[in-house]
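Keep in mind that what you see is a predicted model, and the values were worked out from it rather than measured. Residue numbers run from 1 in the order of the sequence given.
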Amino acid sequence: MPRRARTGPAGAIGFLLLHGMLAHHGGGGNYDASRPLYLRGRVIQARYGYPHARLRIEVPSGLVVPSELPGVEGLRGHDAWAGPPRPEGAGEVRELLLPPDLTGTLGGMSGRPQVGDEVAAVVYRRCEAEGDEYSGELRVQMIYAAGGAHPYRGTLTRFVDRCLRGARSRQAAPAATATATGTGAPAAGADGPPLFVLGGGAAVAAGFAAALIRLRTRRTSRER
């Protein structure tokens, strides 16, 4: 009677890799680099986990954008800025979404932001699109926390110089950004098809998991 192979750590690793790939949604939408936003406030909730950390902050009603924001000149999409960052969420609660690299940077710090700490950030807003549950989210490009300035250095996020006018589906948006009008055209340095990248990454993760399972099965058979 054939014995069922135990996947053990190999299966767990493969599952986690695949789950992380599929959970990552930054490549599925566009973020408006032409209208950068600035937020500052006290953390009221901090959640750290791959691929994204999330910080909910209380923004003071008298929020003012500082005249100097160290390091923003080197941010991806900076050449598309229509002006300096504008204040966002004054007197309200906002949630900041940290990209994977910033999640790893801050998450690994002993002094990472916790409830009660104050943080500030420059963010891009996700463009509205029909059927997109993440529309309007605030993706951090620079966060001032834990005594330093921490920029987003990844390349997966797709930036545009303006969001498309009107709500459009995610399937229609990429085609519209290629029109000759320039409305919604990708900012300099924008990435290629991100969904393709994510799909390829998920396939690699699945293949890696399968290979580990086969290897473990062979070793188990030899031991018996």
Tell me the closest heavy-atom pair linking [X] and [Y], and the distance in Å.
X: Ser135; Y: Ala129; result: OG-N, 3.2 Å
X: Ala121; Y: Tyr144; result: N-CD1, 4.5 Å
X: Arg112; Y: Asp117; result: O-OD2, 3.9 Å
X: Pro60; Y: Gly41; result: CD-CA, 4.2 Å

Are any non-hydrogen side-chain atoms of [X] and [Y] less than 4.5 angstrom apart?
X: Ile57; Y: Ile44; result: no
X: Pro66; Y: Tyr38; result: yes
X: Arg40; Y: Val59; result: no
X: Cys127; Y: Val160; result: yes
X: Leu75; Y: Pro151; result: yes
X: Pro85; Y: Leu69; result: yes
X: Arg76; Y: Phe159; result: yes
X: Arg94; Y: Arg56; result: no

Determine whether a donor-acceptor pair (N or O, by modelled atom type, separation under 3.5 Å) exists between the side chain of [X] and the backbone of [Y].
X: His52; Y: Leu98; answer: yes
X: His150; Y: Ala145; answer: yes
X: Thr103; Y: Ala53; answer: yes
X: Ser34; Y: Ala82; answer: no

Has Arg35 got more than 12 heavy atoms of other residues, nucleotides or ligands less than 6.0 Å from its CZ?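 12 or below, so no.
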Decide whether a cation-pi geometry holds between Arg158 and Tyr31; the criteria are a distance under 6.0 Å from NZ or CZ to the six-membered ring centre and an angle within 45° of the ring axis. no
In one Ile/Leu/Val/Met/Phe/Trp/Tyr side-chain cluster, 4.5 Å: Val93, Leu37: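 No, Val93 does not connect to Leu37 through the hydrophobic network.
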Out of curiosity, does Val43 fall in the hydrophobic cluster containing Met109 (side-chain heavy atoms, cut-off under 4.5 Å, transitive links)? yes
Under the side-chain contact (heavy atoms from CB on, under 4.5 Å) rule, what do Leu97 and Val140 come out as? Steps first, then yes or no, please. CA-CA 6 Å; Leu97 180 81; Val140 173; 5.9 Å; no
Would you call [X] and [Y] a salt bridge, taking side-chain N to carboxylate O under 4.0 Å as the test?
X: Arg54; Y: Glu95; value: yes
X: Arg125; Y: Glu137; value: no
X: Asp32; Y: Arg126; value: no

With a 3.5 Å cut-off and no angle check, do the side chains of Tyr124 and Thr157 form a donor-acceptor pair?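 Checked: Tyr124/Thr157 side chains show no N/O donor-acceptor pair below 3.5 Å.
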Quick one, Leu55 with Ile143, criterion side-chain contact (heavy atoms from CB on, under 4.5 Å). Give me CA distance, side-chain angles, the key distance, then yes/no. CA-CA 11 Å; Leu55 302 175; Ile143 185 165; 3.9 Å; yes
